[in-house]
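To start, the structure itself, in structure tokens.
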Amino acid sequence: MTATHVQQALTRAHHDEWARVVATLTRRFGDLDLAEEAAAEAFATAVEHWPADGVPPNPGAWLTTTANRKAIDRIRREHKRDGKQKEAQMSFGTPPEPPGPVDDDRLRLIFTCCHPALATETRVALTLRMVGGLTVAEIARAFLVQESTMGQRITRAKTKIKAARVSYRVPSAADLPARVPGVLAVLFLIYNEGYLATGPDTDPVRHDLTAEAIRLTRLLRDLLPQDGEVAGLLALMLLTEARSAARLSPDGELIALGEQDRTAWDQAQIAEGHRLVRERLATGQAPGRYQLLAAINAVHTSAPTVADTDWSQVLALYDQLARLDRSPIVALNRAIAVAELDGPQVALALVDALADDLTTYHAYHATRADLLRRLGRGQQSRTAYDRAIALAGNTAEAAHLTRRRDQLARPDEAVAE
């Protein structure tokens, strides 16, 4: 087996098995820190041994067994035999707990990380790290904060869980509704990281993360079939994922929605997403954030061409969304719809008003660049593109922005004309 094959196996094992290993160890030892550290040691051991010994037939079982041993070794080294080691031995000797309302280990771990004792942002960040396996840097970019800030936030979250004696357990049916918003936020961010991966050494699109987010959201929908926001998030993911085959060029450049080959879209996923949106509309209940985002995507995926897009409906849905979610990112996306209806000058004024909130967000500068381009303000557009490229963490998106910038006429060329 070549070094390349081993590296691919290691990468695949980390994507597929990290959450399972951490969840298994958390159930067994009741300690997130111990579970994460032992899992990391197991993967480090795999990096050391697999090139020489070969990839085991069942990488997940190998990693779980190794991590269990690492955890016990760590307990012994810390001389906590009377407490944790006895508890660990008892865990090894007891049968698994009976199935409860959540019978997937990774969902159990998500609900544990999303405990009400933690702030919402902390729940999301911790679960992205513990369940999604994202690096601290990737999570920091998702939150638009510094990596050191996010590292401290995750450390404090684990410390608080330990201090509050939050147990790794299956939430009761009565507990589930209060936990769902945090879980949905986690799943949405995991999907987004896969949809446009921000890691410098990762593929621009991480189908492992988008597939896992969809899988876990389907499980949650099976668990809570009457929850409109769960259905909305699933519809949103499906309608977004349906376009994945058309989103990258052969050269690895991102293809914007308006330039995509719509015949390459996955019609089965679109049909399922549309069905979920219609089912929620039929209930007559006021839609939540994810349902509105799904409805916006339903409008886009209903149009046979970009020229057929019903921008009035898109803007009306963004108006509803802005009343629920006053975030500057929602306002930025709403401005894009305004540009299609009222022109780039009106939209640019809306976008410029968001400068203080979105100065480090690449999409803000990319949107400004496009609006300035449409207004014929080439040099200002070029400057905005430069800023967007510098901030873009995704190689495919950076390539797209670079091409758009390079299509602008240079100042000397503009004068010559």
Side-chain angles (χ1 to χ4, degrees), residues 12 15-20 22-24 27 60 99-114 123-124 127-128 130-134 142 170-173 175-197 205-245 247 265-283 285 287-298 301:
R12 186 167 55 252
H15 289 168
D16 295 345
E17 305 298 342
W18 170 267
R20 289 187 179 92
V22 172
T24 299
R27 177 196 282 192
V102 181
D103 59 4
D104 181 276
D105 266 351
R106 282 164 290 185
L107 276 176
R108 292 170 186 260
L109 186 56
I110 289 176
F111 277 112
T112 300
C113 293
C114 293
R123 299 178 208 172
V124 174
T127 310
L128 284 168
M130 301 301 296
V131 183
L134 276 65
V170 178
S172 68
D175 290 337
L176 287 175
R179 303 280 190 93
V180 169
V183 172
L184 294 180
V186 168
L187 298 175
F188 191 37
L189 276 178
I190 292 175
Y191 182 84
N192 280 343
E193 179 57 34
Y195 174 75
L196 276 179
V205 176
R206 291 184 58 180
H207 296 290
D208 58 319
L209 287 179
T210 58
E212 181 66 5
I214 291 172
R215 188 192 78 85
L216 289 173
T217 305
R218 286 192 187 280
L219 285 173
L220 197 60
R221 173 149 170 79
D222 290 342
L223 181 69
L224 299 172
Q226 302 305 315
D227 191 298
E229 282 293 81
V230 175
L233 180 58
L234 179 56
L236 173 60
M237 289 180 181
L238 290 169
L239 293 173
T240 305
E241 190 69 7
R243 304 195 299 268
S244 63
R247 289 182 57 243
W265 290 357
D266 187 320
Q267 295 303 315
Q269 289 183 319
I270 289 174
E272 184 180 0
H274 285 181
R275 177 178 58 76
L276 287 167
V277 170
R278 289 194 300 270
E279 285 177 0
R280 292 312 308 165
L281 288 173
T283 67
Q285 299 174 356
R289 176 172 177 260
Y290 295 113
Q291 293 168 78
L292 288 168
L293 287 170
I296 290 167
N297 275 268
T301 51

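Everything quoted here is computed from the prediction, not taken from an experiment.
Heavy atoms only, all atoms of each residue included: Thr127 and Cys114 are closest at OG1-SG, 3.7 Å. For the residue pair Ala235 and Val277, the shortest heavy atom distance occurs at CB-CG2, 4.1 Å. Nearest heavy-atom pair across Glu279 and Thr283 is O-CG2, 3.3 Å. Residues Gly194 and Leu209 approach most closely at CA-CB, 3.7 Å, considering heavy atoms. Here the closest heavy-atom approach between residue Met237 and residue Leu187 is recorded as CE-O, 3.4 Å. In terms of heavy atoms, Ala242 sits closest to Ile270 at CB-CG1, 3.5 Å.
Distance check: Leu233 CG to Leu220 CG gives 8.5 Å after rounding to the nearest 0.5 Å. Remark: Glu193 CD to Thr210 OG1 distance equals 11.0 Å, nearest 0.5 Å. Rounding to the nearest 0.5 Å gives a distance of 11.0 Å between CG of Leu281 and CG of Leu276. Taking CG from Leu238 and OH from Tyr191, the interatomic distance works out to 8.5 Å, rounded to the nearest 0.5 Å.
With 3.5 Å as the limit, one finds no donor-acceptor pair spanning the side chains of His207 and Ser244.
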Where do Val186 and Val131 land on the side chain to side chain contact (heavy atoms under 4.5 Å, CB included) test, with the steps shown first?
-> CA-CA 9 Å; Val186 168; Val131 183; 6.0 Å; no
Notebook entry, point to check: Which is it for Thr217 and Phe188 under the side chain to side chain contact (heavy atoms under 4.5 Å, CB included) test, yes or no, and what are the steps along the way?
Noted result: CA-CA 9 Å; Thr217 305; Phe188 191 37; over 6 Å; no
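Checking side-chain atoms of Arg20 against main-chain N and O of Asp16 turns up a donor-acceptor pair under 3.5 Å. In terms of modelled atom types and a separation under 3.5 Å, the side chain of Trp18 and the main chain of Met130 share a donor-acceptor contact. Judged by distance alone, with hydrogens and angles left aside, the side-chain atoms of Arg27 form no donor-acceptor pair with the main-chain N or O of Val22 at under 3.5 Å. Here the side chain of Glu229 pairs a donor or acceptor atom with the backbone of Gln291 at under 3.5 angstrom.
In this structure, the side chains of Trp265 and Arg247 stay at 4.5 Å or more apart for every pair of heavy atoms. Side chains of Val230 and Tyr290 form no contact here, defined as non-hydrogen atoms less than 4.5 Å apart. Side-chain contact between Ile214 and Glu241 is present, with at least one heavy-atom pair separated by less than 4.5 Å. Looking at His274 and Leu239, their side chains come closer than 4.5 Å, going by heavy atoms from C-beta outward.
Between Glu212 and Arg206 there is no salt bridge, since no side-chain N of the basic residue sits under 4.0 Å from a carboxylate O of the acidic one.
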